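Note on naming: letters A, B, ... go to the chains in the order of the sequence lines (proteins, then strands), and numbering restarts at 1 for each one. Keep in mind that the numbers below use all heavy atoms, side chains included, and drop hydrogens, waters and symmetry copies. None of the values given here were measured: they were computed from a predicted structure.
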Amino acid sequence: MDLTKDAEAAQSALRTMWTIRRFEEAVDDLFGRGLMHGTMHLSIGQEAVPTGACLALADGDYITSTHRGHGHCIAKGAKLDRMMAELLAKETGYCRGRGGSMHIADVATGNLGANGIVAGGVPIAAGAGLAVRMRRQPHAVLSFFGDGAVNEGAWHEGVNLAAIWDLPVVFVCENNHYGMSMAVNKAFRVERLAERAKAYGIPGVTVDGNDPQAVHDAVAEAVERARAGRGPSLIEAVTYRWKGHSKSDKNLYRSREEIDSWRERDPITLFEAAVLGSGTLAEAELERCRDEARDAVRDAIRTANAAPDAAADELASAVYAGGPS
Amino acid sequence: MDLTKDAEAAQSALRTMWTIRRFEEAVDDLFGRGLMHGTMHLSIGQEAVPTGACLALADGDYITSTHRGHGHCIAKGAKLDRMMAELLAKETGYCRGRGGSMHIADVATGNLGANGIVAGGVPIAAGAGLAVRMRRQPHAVLSFFGDGAVNEGAWHEGVNLAAIWDLPVVFVCENNHYGMSMAVNKAFRVERLAERAKAYGIPGVTVDGNDPQAVHDAVAEAVERARAGRGPSLIEAVTYRWKGHSKSDKNLYRSREEIDSWRERDPITLFEAAVLGSGTLAEAELERCRDEARDAVRDAIRTANAAPDAAADELASAVYAGGPS
Amino acid sequence: MTSTVDTVRELTYAEAIREALAQAMEADERVFLFGEDVGIYGGAFGVTGDLVHRFGTERVRDTPISELGIVGAAVGAALAGMRPIVEIQFSDFTAQAMDQIANQAAKIHFMLGGAAEVPMVLRAPGGSGTGAAAQHSQSLEAWFAHVPGLKVVMPATVADAKGLLLAAIDDPNPVVVLEHKLLYKQSGQVPADSGRVPLGEAAIRREGTDLTMVATGVMVSRALEAADQLAADGISATVVDPRTLKPLDSGSIVDAVVATGRALLVQEAPRSGGFMAEVAALIGDSPAFGYLRAPIRRLCGLDVPIPYAPQLERAAVPQVPDIVAEATRLVREW
Amino acid sequence: MTSTVDTVRELTYAEAIREALAQAMEADERVFLFGEDVGIYGGAFGVTGDLVHRFGTERVRDTPISELGIVGAAVGAALAGMRPIVEIQFSDFTAQAMDQIANQAAKIHFMLGGAAEVPMVLRAPGGSGTGAAAQHSQSLEAWFAHVPGLKVVMPATVADAKGLLLAAIDDPNPVVVLEHKLLYKQSGQVPADSGRVPLGEAAIRREGTDLTMVATGVMVSRALEAADQLAADGISATVVDPRTLKPLDSGSIVDAVVATGRALLVQEAPRSGGFMAEVAALIGDSPAFGYLRAPIRRLCGLDVPIPYAPQLERAAVPQVPDIVAEATRLVREW
Ligand SMILES: Cc1ncc(C[n+]2csc(CCOP(=O)(O)OP(=O)(O)O)c2C)c(N)n1
Ligand SMILES: Cc1ncc(C[n+]2csc(CCOP(=O)(O)OP(=O)(O)O)c2C)c(N)n1
Ligand SMILES: [Mg+2]
Ligand SMILES: [Mg+2]
């Protein structure tokens with residue numbers, strides 16, 4: 001699928017990227033004004049990765065996500081109002097206010113959950129892949145994780161299981177150059193994280209994570225491979241987060257210039273230029289995508305705000321499935 | 001050092017290999033006769049690895065060892081009687097009867113311990129390497145582990161830490177083709193485990209683990225590199241264990257023929273043939289090495305048997321260093 | 001599963017577990033086993049035995065040595081519609097997998113607001129007595145019983161080994177089944193077909209009047225043996241086996257203590273922070289409080305790692321004479 | 001460390017920890033810190049702050065995200081003569097490192113027959129109240145207190161944050177220091193030079209006559225606040241802060257309960273199998289048993305993962321009014 005040539009695909013990609021951007025900006029704003037609780041990990045600047053990746057997925061496919069998971073959740077098809085309700089600690093939130101940002105998920109669209117544990121979703125993805133395989137389903141599983149996750153034992157074990165059993169899993173590393181403050185070049189002694197794939201005998205590629213097309217193509221190929229029973233792949237999508245790691249971040253570990261240089265490579269701006277340049281979409285259509293995204297996020301906030309707060313009275317009975325025990 | 005050309009080195013290597021062999025045979029016998037407790041993991045057939053490796057080490061260097069650790073302990077210079085006393089649950093044992101086979105260690109010779117946890121010693125070796133580095137000592141740390149350990153998260157994390165910090169650690173994989181019953185070709189999707197080294201940006205080599213010279217040369221080079229501050233290396237020594245994994249093993253996962261083919265590649269027989277062939281040692285000298293090993297093990301059993309049993313009365317006070325608390 | 005009359009046969013604890021596994025796999029294709037050496041090797045303790053020949057290598061699946069990955073894969077498989085049963089070779093290695101057990105499996109149902117379930121079983125043998133030393137002999141039930149979202153069972157009899165496991169497999173939550181190495185070869189009566197033992201119900205193994213002993217795992221049979229000896233000495237003991245530690249059948253325990261006025265709580269695990277502390281605490285804040293004629297006593301493993309030497313290993317955990325002595329003291333002195 | 005008069009200043013809990021770290025590093029070159037983001041970032045909670053500028057990147061060392069490797073490296077460094085201090089960013093992630101904590105660090109001295117020591121400190125913040133949800137808010141002290149070979153401290157005041165940490169660094173054993181996120185910004189008096197607080201000594205934070213409250217972590221200040229309110233209501237409470245959970249100063253707790261006849265045990269962690277179960281058990285089998293005028297009551301976190309929503313999070317753990325209410329009930333009804 002050529003996102004810059006196919007008008008429908010281009011609009012879809014653009015709308016998703018703008019929706020993520022606007023959603024994250026709204027969260028940033030609500031949080032800054034003390035209307036949101038906890039901590040938030042925003043994915044502004046990284047929108048092309050979930051967007052390009054999820055465009056290569058089909059219904060029934062699964063994803064596992066991370067602490068920086070709003071974009072994954074949106075790109076996989078979740079409803080904005082239920083996401084916003086979750087962050088606003090409402091009863092109508094996806095997790096009924098129990099999970100919040102770090103556990104947000106629309107299970108119905110195949111999102112097995114954001115995860116507060118770095119690399120926590122990686123072996124879970126392998127297991128979902130095993131289930132798909134054993135149930136002879138045609139689905140693929142896509143596991144998102146950051147560069148920082150790659151040095152966790154869970155990552156190593158999860159990727160190896162998927163590799164030796166030829167499981168239909170696509171491992172997508174969002175390499176945004178830092179695991180919190182730890183620079184990739186200090187945490188690794190390899191140039192490209194995709195090189196790690198060889199250790200498990202699976203293909204590994206590095207793509208421009210600010211280009212939804214590049215991400216899409218790599219994921220589409222890996223998904224095809226997965227569905228064909230030829231096992232997992234590792235895709236390293238190189239990108240950058242504009243905002244601090246979370247609210248406590250003073251950005252001491254990186255320079256203003258570095259941040260600025262990446263802002264100049266804004267995935268949305270670049271993509272808009274590409275689709276405009278190729279004549280696929282006109283400025284008015286871009287404008288409509290932007291407006292739709294803005295309105296959708298505004299609506300979501302409105303709907304979420306009107307919902308009842310999550311109720312504390314059922315807490316204890318919510319721990320176990322199948323009724324209280 | 002050319003073990004097959006230098007008479008002293010040849011004798012040393014041969015004596016160590018025979019000592020390990022005789023020690024393990026004695027343990028097998030004592031265990032079989034119900035005189036030894038617990039479980040035992042014997043390294044018969046793998047003697048060339050610790051022998052060749054430890055000949056490349058110097059005083060002050062550390063090792064970490066495994067559940068199959070008698071050979072490592074012997075090759076690093078431990079006293080046989082105190083080892084035997086440990087296995088016989090005596091007060092004079094290295095661990096005062098508290099550790100047994102899976103925790104055997106002569107800390108004074110730099111052995112930081114056998115480990116009942118697969119891959120448990122790998123991050124510990126990285127940490128010892130960090131200490132050596134921070135204390136500006138000239139030492140190296142050698143970590144022994146099996147093929148099975150390589151898929152553990154602990155291995156991944158430990159090797160990466162050593163790699164990114166250029167620590168003086170040599171990772172020696174005793175690839176005996178199985179992690180218990182799990183064949184290497186089922187547990188990995190790579191041909192050679194040494195290929196994993198690339199994922200951490202460190203050198204990796206595969207050597208004949210039944211040839212003490214090959215092991216020695218690879219380790220010596222890695223140790224030199226480590227001491228020079230150029231970081232860790234991974235060495236895969238391909239070998240085979242003749243006996244079952246432990247006493248519960250019925251050898252269902254491998255064939256008689258496979259075992260026999262490896263017995264024909266007995267590292268001791270091959271080495272004896274080499275030193276005899278090159279004229280470095282005469283048959284009488286080989287015989288002396290064998291006799292010395294046999295006698296040393298016999299003496300160790302005698303001494304150990306005469307020692308008092310480990311005493312239960314001080315158990316509770318043995319948990320914390322620095323006196324009871 | 002076509003017979004209608006439920007025949008009772010003599011099986012070992014290991015065989016009873018294997019039978020439960022086989023029946024669950026026959027009844028439900030979503031059920032499968034995986035873990036280290038569960039296939040051709042038949043399990044480090046021989047529990048899975050010939051199951052790989054009966055169900056194939058897909059459903060009785062050998063794994064590399066990677067406990068965290070294994071449990072994580074079970075979580076993922078459960079989320080995606082399977083009913084995985086994981087064997088961790090020694091319960092000590094749950095330490096490797098603790099994130100996936102406690103932070104993922106236990107919490108996902110709650111964290112996702114009920115939108116997902118994690119129906120999985122984690123079997124692992126605990127306990128000392130085999131000379132396997134400190135890293136292969138722990139009794140870690142207290143760790144799991146402290147994690148909301150997990151259910152925890154400790155079968156102490158052959159029938160329960162089958163019955164509790166079947167109930168655990170049925171349960172829509174993650175259940176940790178802590179078996180005991182010393183029990184694997186013990187024999188006992190087991191119903192052939194059903195025999196499910198509901199989670200959350202204690203068993204009163206013996207009824208008496210002078211004191212109540214609460215014991216778990218291998219301590220159940222030791223407490224029963226002690227009770228026999230005590231009876232010969234004129235002391236009449238109730239023995240309660242909680243069977244499920246979480247959710248705990250506190251009612252049965254409290255009732256038994258009300259009836260006898262004395263409680264002796266026996267566990268193999270080290271005393272400090274062990275599961276019997278919870279039992280003591282609940283008795284001390286229950287209706288039984290008013291009936292207590294003596295302090296609530298615990299007889300536990302020493303606060304030491306399990307040593308290798310057989311004489312040290314024995315000294316580290318309660319033996320039958322220790323139970324008899326402690327029970328006698330409690331009854332005679334109070 | 002040249003001044004002779006010990007000046008007392010006002011610091012925050014985080015600053016007090018930082019001061020202890022700095023003083024220990026100045027005094028002993030073997031002491032060094034490592035962990036995720038402890039360097040230039042200054043620690044996720046700002047505890048290490050500017051230490052990297054004062055001691056350099058060798059001794060204040062950033063690590064990749066690999067908790068098991070980090071703790072394992074600390075074990076190895078300790079065995080090879082260093083005195084490592086590890087920061088685990090949230091105590092929840094000790095689950096990742098549990099093998100190296102419980103199976104290695106805790107047991108090596110014993111397993112090797114005393115031939116080696118593992119002098120290391122593992123610092124980690126626990127507790128809820130920041131909206132970080134189930135995987136970032138646990139109170140896991142009970143896990144560690146159940147592992148022979150570990151020492152465990154929970155500083156509840158600013159002075160103890162420094163004093164206990166200094167003692168932990170001096171100790172030749174692995175010590176787990178569980179800090180509390182909500183306390184980091186709290187201020188208090190701290191001695192500039194020394195101020196070591198020996199491990200194993202409880203603090204009687206307040207003395208009363210009607211009941212004894214035992215509380216840990218952030219519950220200490222809540223219990224004290226509750227005690228103030230209770231006093232206004234004519235109820236006089238003792239508040240005991242164990243400070244060190246292992247080895248536990250059981251004598252001070254028992255004495256306090258003997259003196260008041262009632263015990264209310266307050267913890268943030270979920271009730272089942274929590275540390276206060278151990279405290280209840282030891283009171284119930286101590287000389288205090290004969291002095292008890294009321295059941296031994298626990299007021300604990302609910303048996304639920306910590307939820308995200310602030311209103312749910314508050315409901316999940318004891319708050320001051322809950323303590324007041326429970327204490328009142330205990331005194332008025334018994
Ligand atoms: C096991 C674990 N360790 C540490 C943390 C704390 N933490 C949360 S996010 C983060 C950085 C993750 O980096 P990366 O994987 O690159 O993802 P990014 O934040 O860059 O998207 C850290 C250290 C955690 N949540 N889980
Ligand atoms: C963490 C952990 N998992 C599993 C085991 C059980 N176990 C002991 S040795 C072993 C096989 C190890 O294989 P390998 O590392 O190749 O060493 P080898 O036995 O072949 O020398 C297993 C599974 C263990 N001791 N520790
Ligand atoms: Mg990152
Ligand atoms: Mg092997």
With side chains defined as the heavy atoms from C-beta onward, is the minimum distance between B/His103 and C/Tyr308 less than 4.5 Å?
no
Look at B/Arg96, B/Lys250, B/Lys90, B/Met182 and state which one has the largest set of heavy-atom pairs under 4.5 Å with chain C.
B/Met182
So, the side chain of C/Tyr41 versus the backbone of B/Asp249: is there a donor-acceptor pair under 3.5 Å, distance only?
yes
Between C/Ser66, C/Gly46, C/Gly39, C/Ala315, who has the most heavy-atom pairs with chain B when the cutoff is under 4.5 Å?
C/Ser66
Looking at B/Ala312, B/Gly97, B/Ser246, B/Ala187, which has the largest count of heavy-atom pairs under 4.5 Å with chain C?
B/Gly97
Check whether C/Phe90 gets within reach of chain B through its side chain, its backbone, both or neither, counting any heavy atom under 4.5 Å.
neither
Which one, C/Thr130, C/Leu302, C/Ile306, leads in non-hydrogen pairs under 4.5 Å with chain B?
C/Thr130
Identify which of B/Leu87, B/Val150, B/Asp313 forms the greatest number of heavy-atom pairs closer than 4.5 Å to chain C.
B/Leu87
As a quick check of understanding, evaluate side chain to side chain contact (heavy atoms under 4.5 Å, CB included) for C/Gln135 and B/Asn115, giving each step before the final call.
CA-CA 8 Å; C/Gln135 293 172 334; B/Asn115 208 312; 3.3 Å; yes
B/Ser181 and C/Asp37 side chains, donor-acceptor separation under 3.5 Å
yes
Given a strict heavy-atom distance threshold of 4.5 Å, which part of C/Ala95 is in contact with chain B: side chain, backbone, both, or neither?
neither
Is C/Gln96 in contact with chain B via its backbone, its side chain, both, or neither, using a 4.5 Å heavy-atom distance?
side chain
Under a 4.5 Å cut-off applied to non-hydrogen side-chain atoms, are B/Asp309 and C/Gln311 in contact?
yes
Going through the distances and angles, do C/His136 and B/Met102 end up as a side chain to side chain contact (heavy atoms under 4.5 Å, CB included)?
CA-CA 10 Å; C/His136 286 72; B/Met102 277 198 283; 3.5 Å; yes
Would you say that B/Asn151 contacts C/Ile65 through its side chain, given a criterion of any heavy-atom pair below 4.5 Å between the two side chains?
no
Taking every non-hydrogen atom, the tightest pair across B/Val319 and C/Pro305
CG2-CD, 3.9 Å
So which part of C/Leu312 gets closer than 4.5 Å to some heavy atom of chain B, the side chain, the backbone, both or neither?
both
Check B/Ala310 against C/Ala309 and note the closest heavy-atom contact, atom names and distance.
CB-CB, 4.3 Å
Please report the closest heavy-atom contact between C/Ala133 and B/Gly99, naming both atoms and the distance.
CB-O, 3.6 Å
At a heavy-atom separation under 4.5 Å, does C/Asp303 approach chain B through its side chain, its backbone, both, or neither?
backbone
May I ask you to check whether over 12 heavy atoms, not counting those of B/Glu191, lie within 6.0 Å of atom CD?
no
Could you look at B/Ala119 and say if it's the side chain, the backbone, both or neither that has a heavy atom under 4.5 Å from chain C?
neither
